[in-house]
There are 2 protein chains.
Amino acid sequence: MSNLPFSDPVISRARRIAERTSPSDCDPKVEALVNELIGRVADKWTMIILEVLAENGELRFTQLGRQVAGISQKMLTQTLRQMERDGMVTRTVHAVVPPRVDYRLTDLGASLGAAFCGVWIWAQDNLAGVEASRVAFDTKVG
Amino acid sequence: MSNLPFSDPVISRARRIAERTSPSDCDPKVEALVNELIGRVADKWTMIILEVLAENGELRFTQLGRQVAGISQKMLTQTLRQMERDGMVTRTVHAVVPPRVDYRLTDLGASLGAAFCGVWIWAQDNLAGVEASRVAFDTKVG
DNA sequence: CGGAATCCCTTCTGATACTG
DNA sequence: CAGTATCAGAAGGGATTCCG
């Protein structure tokens, strides 16, 4: 398991937050583009693949599929293509039989993983709180 | 526009990253639950609403709809209900005519907003890089 | 092994119309 | 104003089959 550059990038990003009024406090044309990018990147499978690759460094297609519990081969392929197109992962095809394809995060992908790291931690820390809120909401409505 | 607690929570969370090998380096049962929670919370509209409410403090239904460019009234209602159920927002109904309903982030919601902040900044910083990667990919595939 | 292609069902999402 | 209800098209996503 590789040692990830999670702490430094996240902390430096976090520091820069203090310089801005809000995360998207910038010109409106850019804001629309940012929203679009967020929409594509804030995807369940993208986030999970990002994390698995961040943990393991480099994985083959099937290995990746096993690590990402619950994903179908179709969605794995689809998501990986999208991530490759967006510059998040590199896809290396080895000319051997049986074929071997390795996936690895690019620097861009690793930086997104680092940015998402805060959300993972949040999810772990607040699992119980969210569940409690749901129960309360459902019994009040139910 | 309220002054948000973005810097402190994000930095403290980021600091805690150094204590862990990876963001989900914990027991497998919890990991599945975390994945599920991520799947629900890593949603385009949830993220954008979270950010708009973080910036504005408290908003009425229609005001919120105007701030969230491109959302339909249906998705706005749906997403807000979900967020209310998950404990992210409070929904305050004023018994007046015409009706008035205010939405505001809870502490839980604000903390998620803080966690997402790194992703927003990432998206702003890497907009050009992603776009360039897409162009390169598309011309190569062509 | 690492896909691509197809089928088929479900969910998402926007538009429109209606209500307390 | 702040929704609910309904409909229809688009996209998401699983299962299966086939190929280099």
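The chains referred to below are lettered A, B, ... by the order of the sequence lines, with proteins before strands, and numbering in each begins at 1. Treat the numbers as computed from the prediction; the structure is a model and nothing was measured.
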**Fill in**
Rounded to whole Å, NE2 of A/His94 lies from C1' of C/dC1 at a distance of 12 Å

**Message:** Using a 4.0 Å heavy-atom cut-off, does B/Gly70 contact any base of the nucleic acid, only the sugar-phosphate backbone, or nothing at all?
**Reply:** sugar-phosphate

**Prompt:** Reckon B/Thr77 has a side-chain N or O less than 4.0 Å from the OP1 or OP2 of D/dG3?
**Reply:** no

**d(CG, B/Asp102; P, D/dA2) in whole Å** = 8 Å

**Asked** Do the side chain of B/Thr46 and the main chain of B/Val41 share a donor and acceptor less than 3.5 angstrom apart?
**Response** no

**Prompt:** Looking across every strand, which nucleic acid part, if any, lies under 4.0 Å from A/Gln78 by heavy atom: base, sugar-phosphate, or nothing?
**Reply:** nothing

**Message:** Heavy atoms from C-beta onward define the side chain here; which of D/dC1, C/dG14, C/dG2 lies closest to that of A/Arg60?
**Reply:** C/dG2

**Message:** For the backbone of B/Trp45 and the side chain of B/Thr79, can you confirm whether one donor and one acceptor N or O come within less than 3.5 Å of each other?
**Reply:** no

**Message:** Could you tell me how far apart B/Leu64 (CG) and D/dA2 (C1') are, to the nearest whole angstrom?
**Reply:** 12 Å

**Request:** Consider the side chain of B/Met75, meaning its heavy atoms from C-beta on, and name the nucleotide among D/dA2, C/dG14, D/dT4 that approaches it most closely.
**Result:** C/dG14

**Request:** Check the distance between D/dA2's C1' and B/Arg66's CZ and give it to me in whole angstrom.
**Result:** 13 Å

**Atom-to-atom span, CD of A/Gln82 to C1' of D/dG12 - whole angstrom** = 12 Å

**Asked** Are any side-chain N or O atoms of A/Thr106 and backbone N or O atoms of A/Thr90, one a donor and one an acceptor, separated by less than 3.5 Å?
**Response** no

**Request:** Measure the distance from CZ on B/Phe61 to P on D/dT4 and round it to the nearest whole Å.
**Result:** 8 Å

**Request:** Consider the side chain of A/Lys74, meaning its heavy atoms from C-beta on, and name the nucleotide among D/dG3, D/dG14, C/dC1 that approaches it most closely.
**Result:** D/dG14

**Spacing between A/Arg91 atom CZ and C/dG2 atom C1', to the nearest angstrom** = 8 Å

**Request:** List the steps and the verdict of side-chain hydrogen bond (donor to acceptor under 3.5 Å, both in side chains) for A/Tyr103 and A/Arg60.
**Result:** CA-CA 6 Å; A/Tyr103 291 91; A/Arg60 302 178 59 172; over 6 Å; no

**Message:** Quick check for you: among D/dC1, C/dA5, C/dC1, whose closest atom lies nearest to any side-chain atom of A/Thr62?
**Reply:** C/dC1

**Asked** B/Arg81 side chain N/O closer than 4.0 Å to the phosphate oxygens (OP1, OP2) of D/dG3?
**Response** yes

**Check: B/Thr77 side chain, B/Gln73 main-chain N or O, donor-acceptor pair, under 3.5 Å** = yes

**Message:** Counting only side-chain heavy atoms from C-beta out, which of C/dG3, D/dG13, D/dG3 sits nearest to B/Tyr103?
**Reply:** D/dG3

**Request:** Grab the CG-P distance between A/Asp43 and D/dG12 for me, whole Å please.
**Result:** 9 Å

